[in-house]
Amino acid sequence: MIQVTLPDNSTREYPIGSTALDVANSISAGLARNVIAAEINGTVWDATRPIKEDVNIKLLTFNDDSGKLAFWHSSAHLMAEAIEATFPGVKLAIGPPIETGFYYDIDLEGKTIAESDLANLEKKMIELARQKNPYIRKEISKDDAIAYFTEKNDPYKLELIDGLTDGDITFYSQGNFTDLCAGPHIPDTGKIKAVKLLSIAGAYWRGDENNQQLTRIYGVSFPKAKELKEHLERLEEAKKRDHRKLGKEMELFTFSQKVGQGLPLWLPKGTILRERLERFMRDAQLKAGYDPVVTPHIASKELYVTSGHYEKYGEDSFQPIKTPNVNEEFFLKPMNCPHHCEIYKSKPRSYKELPIRYAEFGTVYRYEQSGELHGLTRVRGFTQDDAHLFCRPDQVQQEFEKVIDLVIYTFKALGFEEFTAQISLRDPEDKSKYIGSDENWDKAEAAIIDSAAKKGLNTVVEYGEAAFYGPKLDFMVKDAIGRKWQLGTIQVDYNLPERFELEYVGSDNLKHRPVMIHRAPFGSLERFIAILIEHTGGRFPLWLNPDQVIILPIGEKFHDYADKVLNLLKNDDIRAEVDYRAEKIGKKIFDAEKSKVPYILLVGEKEVLAETVSVRKPGKIDLGSMDLTDFVAKVNDEINEATVSFTN
RNA sequence: GCCGACGUAGCUCAGGGGUAGAGCGUUUCCUUGGUAAGGAAGAGGUCGUGAGUUCAAAUCUCAUCGUUGGCUCCA
């Protein structure tokens, strides 16, 4: 007998060779139906794999993250089976589960699969799933594994096997399909009730662009049809919120082929939104002791030779701007920091001056690969809410914490309630990728980890994700429909001060090197606005919305009164417009609702006589009649409340 | 940059070797209407661009530019 310990620390006894499924069955039939895998002493196993010793066990269902992974992994195998059945002779590469489903990379050898083939593959998958074929695990020797895939003529699997150690290799089979796979898998295909194949894309073998390009099919699957339906509805919702679609509809920004790829043009309404965000950040930064500076859009090549960016990015970026003078070259600025270093150097500094915080909404230009450009989230010209803090080594930690406060203040004010922080450190395997001394890196990494801990941030540590000049802390926010986005970033930099030979005179009357902190709570305004659009679905908070109030006169007779209301609002810096069209009130309301204006005012006979306005919010919310002055006060209050000042 | 898909009116999209279509928007006129679409008439496109095949190309072929789904990249 073996002793099995459940998560609640209760123990049960089973015959040697019992499986997690047996354990589930002994608890309840309902549980057994839902169990798809199990965590055995911390590793995820097949629910059908015999257990031969005393273990801690946690039964996993689709509701557990690792249960989902097993489910989707098994779905990838099922898709591969359907593909082999439909397109005989294709070569399979890899087919893992991902956060939102699964994919399989396939070498079609010249054949093509079109989006229109996906429905048939789905049908085939469901047909195979209904056979309730068990996923069977088999340990296999390396030689036998090689023999199998040599026979099958699959070079990808052979390459994978080449990297595995004998005795450590397993195959999984279901129905007529066998794959090299470490598992774990769900008990049988019957658990997969609903499948949707979402898209076809290209992918390189092992992610290397020098390798063979494969066809990747993405899909998602669920144990219940209803869950698939809900998932597809969420995807639909995301599509509705797509900032490229809303940005066009709401006339926030546009692109022009003549201006160039990845170079957004801000329309009047988008500019209001953008400038309001800038003002918000400017105000907070003034309170936090930042000094605004302004630097030009181009700089001499020498600046970037000094900063090291030329060496690293010179060839991959916009090419230099030449002047009539021989050998004189300028670059569009890809960064603001070198300029700020030169401002720091404009005069000798004393330790008493530090920290110095230079802030600039600096527009920078980077040559992103054409395939990477995407709406406003990935562009070639964008504006950072950038700042560089120059401080003494003993101030790093404190400054870092203050920046964290500012970032959190920003997120809260903009309605991002949920966020986590990622600490990006060096890749311990390959330190050659980074510039700067080991000692400095260690100091910087420690400062970040300590500040994050002190501020109680929910953090994850990622090795190998640091910038080449220093470690960083990135904030990830969760939006209204649960998607994660990377936003603000804070980076410690011991390298640029070195390269620019920045100095200050210490209390000991000796020269010392300051430490730099780069930080941008929004990151780029373009990207931030894109995320904000998708987060709010275009329904921005009142203080940000380009139009705050729309006034709808019921007839032409009331245009004068509408103008009076308009002027009153404008005098209080409330952004308002009047719909003067000769349309019926129903039509004006319809259009106002569509335009997402936070307040809709109706003015007619009644309102003129009583000096009131009829207030309506989008979504058929009738707030009734309000005194004109009361309404102005209400809007002002609402704006002030939403933009509480930053306090140190 | 690579692989696939797409590019027709301001927007959303249909069509498809033989004189270019719809809805919304826009313009003009009528209507001055009280909480989600009033009526009529009109304007608007060398079908992304360039070449080729053809008696004839928006339609087929190639190239190119752009958009897009991924991959690689991201100071």
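None of these values were measured; they are calculated from a predicted model. Per chain, numbering begins at 1; letters A, B, ... match sequence-line order.
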**Q** With side chains defined as the heavy atoms from C-beta onward, is the minimum distance between A:Leu473 and A:Phe400 less than 4.5 Å?
**A**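 A:Leu473 reaches A:Phe400 side chain to side chain.
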
**Q** What distance, rounded to whole Å, do you find between the two C1' atoms, one in B:G45 and one in B:G21?
**A**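 Per the computed distance, 11 Å lies between those C1' atoms.
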
**Q** Under 4.0 Å, heavy atoms only, any strand: does A:Ser614 hit a base, just the sugar-phosphate, or nothing?
**A**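 Here A:Ser614 touches the bases of the nucleic acid.
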
**Q** Regarding A:Gln261, tell me which of base, sugar-phosphate or nothing describes its non-hydrogen contacts under 4.0 Å with the strands shown.
**A**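 Sugar-phosphate, backbone atoms only, no base.
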
**Q** Among B:G69, B:U35, B:U32, find the nucleotide with the atom closest to the side chain of A:Ala201.
**A**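 Of the candidates, B:G69 comes closest.
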
**Q** Under the 3.5 Å rule, do the base of B:G34 and the side chain of A:Glu607 count as making a donor-acceptor pair?
**A**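 Flag set: donor-acceptor pair detected.
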
**Q** Assign A:Gly586 to base, sugar-phosphate, or nothing according to its heavy-atom contacts below 4.0 angstrom with the strands shown.
**A**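 Sugar-phosphate only.
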
**Q** Closest approach to the side chain of A:Phe590, judged atom by atom: which nucleotide of B:C3, B:U26, B:A37 is it?
**A**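 The answer is B:A37.
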
**Q** If only side-chain N and O atoms of A:Arg216 are considered, is one of them under 4.0 Å from the OP1 or OP2 phosphate oxygen of B:G4?
**A**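 Indeed not, no polar side-chain atom of A:Arg216 lies that close.
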
**Q** Report yes if a side-chain nitrogen or oxygen of A:His374 is closer than 4.0 Å to either non-bridging phosphate oxygen (OP1 or OP2) of B:G69; otherwise report no.
**A**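 Answer is yes, contact under 4.0 Å.
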
**Q** Does either side chain, that of A:Tyr367 or that of A:Asp316, offer a donor lying less than 3.5 Å from an acceptor on the other one?
**A**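 Note: A:Tyr367 and A:Asp316 side chains miss the donor-acceptor criterion.
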
**Q** Only pairs with both distances under 3.5 Å count, Watson-Crick or wobble alike; so what is the partner of B:G69 in this structure?
**A**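 Pairing partner, where one exists within any strand: B:C3.
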
**Q** Can you establish whether the number of heavy atoms outside A:Glu99 located under 6.0 Å from its atom CD is more than 12?
**A**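 No.
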
**Q** Return the minimal non-hydrogen interatomic distance between A:Arg499 and A:Thr306, and the atom names on each side.
**A**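 Where A:Arg499 meets A:Thr306 most closely, the heavy atoms are NH1-O, 2.9 Å.
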
**Q** Can you check the A:Asn211 CG to B:C2 P distance for me, whole Å?
**A**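 After rounding, the gap between these two atoms is 16 Å.
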
**Q** Quick one: does A:Arg378 reach the base of B:C73 with a side-chain donor-acceptor pair under 3.5 Å?
**A**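 Between B:C73 and A:Arg378, which were checked side chain against base, a qualifying N/O pair under 3.5 Å is present.
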
**Q** Taking a pair as Watson-Crick or G-U wobble with both distances under 3.5 Å, which nucleotide is matched to B:C47?
**A**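 No nucleotide pairs with B:C47.
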
**Q** Distance check needed: B:G1 P versus A:Asp316 CG, whole Å only.
**A**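 Checked: the CG to P distance equals 12 Å.
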
**Q** Pick the P atom in B:G1 and in B:A63, then give their distance to the nearest Å.
**A**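 Each nucleotide's P atom is 16 Å from the other's.
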
**Q** Take the protein atom CH2 of A:Trp205 and the nucleotide atom P of B:C71, then report the distance between them rounded to whole Å.
**A**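 One finds 16 Å between P of B:C71 and CH2 of A:Trp205, rounded.
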
**Q** Taking atom P of B:U68 as reference, at what distance in whole Å does atom NE2 of A:His243 sit?
**A**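 Whole-Å distance recorded here is 9 Å.
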
**Q** What's the CD-P distance between A:Glu605 and B:U35, to the nearest Å?
**A**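 The distance from CD of A:Glu605 to P of B:U35 comes to 15 Å, rounded to the nearest Å.
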
**Q** State whether A:Tyr365 and A:Arg380 meet the cation-pi test: NZ (Lys) or CZ (Arg) under 6.0 Å from the six-membered ring centroid, and within 45° of the perpendicular axis.
**A**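 Here A:Arg380 fails the 6.0 Å and 45° test against A:Tyr365.
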
**Q** From the options B:U35, B:U32, B:A36, select the nucleotide whose nearest atom is closest to the side chain of A:Leu602.
**A**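 Looking only at side-chain atoms, A:Leu602 lies closest to B:U35.
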
**Q** Taking atom C1' of B:C11 as reference, at what distance in whole Å does atom CG of A:Leu252 sit?
**A**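 Distance check: A:Leu252 CG to B:C11 C1' gives 15 Å.
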
**Q** B:U12, OP1 or OP2 - any side-chain N/O from A:Lys248 closer than 4.0 Å?
**A**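 True: A:Lys248 side-chain N/O within range (under 4.0 Å) of B:U12 OP1/OP2.
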
**Q** On RNA chain B, compare the nucleotides closest to A:His309 and A:Gly260; which residue's is nearer the 5' end?
**A**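 Its nucleotide being nearer the 5' end, the pick is A:Gly260.
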
**Q** More than 12 heavy atoms of other residues, nucleotides or ligands under 6.0 Å from CZ of A:Phe318: is that the case?
**A**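 Check passes, neighbour count above 12.
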
**Q** Nearest of B:U35, B:A37, B:G69 to any side-chain atom of A:Ile589?
**A**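 Closest nucleotide to the A:Ile589 side chain: B:U35.
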
**Q** Using a heavy-atom cut-off of 4.0 Å across all strands, would you classify A:Gly604 as base, sugar-phosphate, or nothing?
**A**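 Base: the residue A:Gly604, judged by heavy atoms under 4.0 Å, touches a nucleobase.
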
**Q** Identify the nucleotide, in any strand shown, that forms a Watson-Crick or G-U wobble pair with B:U35, with both distances under 3.5 Å; if there is none, say none.
**A**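 Base partner found: none.
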
**Q** For a quick check of understanding: with a heavy-atom distance under 4.0 Å over all strands, which category does A:Lys606 fall into, base, sugar-phosphate or nothing?
**A**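 Answer is base: heavy atoms of A:Lys606 come under 4.0 Å of a base.
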
**Q** Rounded to whole angstrom, note down the P distance from B:G44 over to B:G39.
**A**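 About 24 Å, rounded to a whole number of Å.
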
**Q** Does A:Tyr218 put a side-chain nitrogen or oxygen below 4.0 Å from OP1 or OP2 of B:C71?
**A**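 A:Tyr218 to B:C71 OP1/OP2: side-chain N or O found under 4.0 Å.
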
**Q** Rounding to an integer number of angstrom, what distance separates B:A36 and B:C74 when you compare their C1' atoms?
**A**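 It comes out at 45 Å once rounded to the nearest Å.
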
**Q** Could one point to a donor on the side chain of A:Tyr204 or the base of B:C2 with an acceptor on the other under 3.5 Å away?
**A**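 For A:Tyr204, whose side chain was compared with the base of B:C2, there is a donor-acceptor pair (under 3.5 Å).
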
**Q** Paired with B:G52 by Watson-Crick or G-U wobble geometry, both distances under 3.5 Å: which nucleotide is it?
**A**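 Checking every strand shown, B:G52 finds its partner in B:C60, with both distances under 3.5 Å.
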
**Q** How far, in whole Å, is B:U19 from B:A14 if one measures between their P atoms?
**A**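 Their P atoms lie roughly 22 Å apart.
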
**Q** Side chains of A:Lys472 and A:Ile490: does their closest heavy-atom pair fall under 4.5 Å?
**A**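 A:Lys472 does not reach A:Ile490 side chain to side chain.
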
**Q** State the pairing partner of B:G23; accept Watson-Crick or G-U wobble contacts with both distances under 3.5 Å, and report none otherwise.
**A**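 WC or wobble partner is B:C11.
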
**Q** Think A:Ser199 has a side-chain N or O under 4.0 angstrom from the OP1 or OP2 of B:G70?
**A**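 No, outside the criterion.
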
**Q** Report the distance from atom CG of A:Asp107 to atom P of B:C3, rounded to the nearest whole Å.
**A**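 After rounding, the gap between these two atoms is 15 Å.
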
**Q** May I ask you to check whether over 12 heavy atoms, not counting those of A:Glu311, lie within 6.0 Å of atom CD?
**A**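 Count not over threshold, so no.
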
**Q** Suppose you measure atom P in B:A9 against the same atom in B:G4; what distance do you get, rounded to whole Å?
**A**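 26 Å, rounded to whole Å.
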
**Q** Expressed as a whole number of angstroms, how long is the span from A:Leu265:CG to B:G10:C1'?
**A**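 It is 16 Å, rounded to the nearest whole Å.
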
**Q** Distance between the C1' atoms of B:G69 and B:U28, in whole angstroms?
**A**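 Approximately 45 Å lies between the C1' atom of B:G69 and that of B:U28.
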
**Q** Take A:Asp242 and A:Gln369, find for each the nucleotide of RNA chain B with the closest heavy atom, and name the residue whose nucleotide sits nearer the 5' end.
**A**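 Checking each residue's closest nucleotide, the 5'-ward one belongs to A:Gln369.
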
**Q** When you compare B:G25 with B:C3, how far apart are their C1' atoms, in angstrom units rounded to a whole number?
**A**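 Their C1' atoms lie roughly 38 Å apart.
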
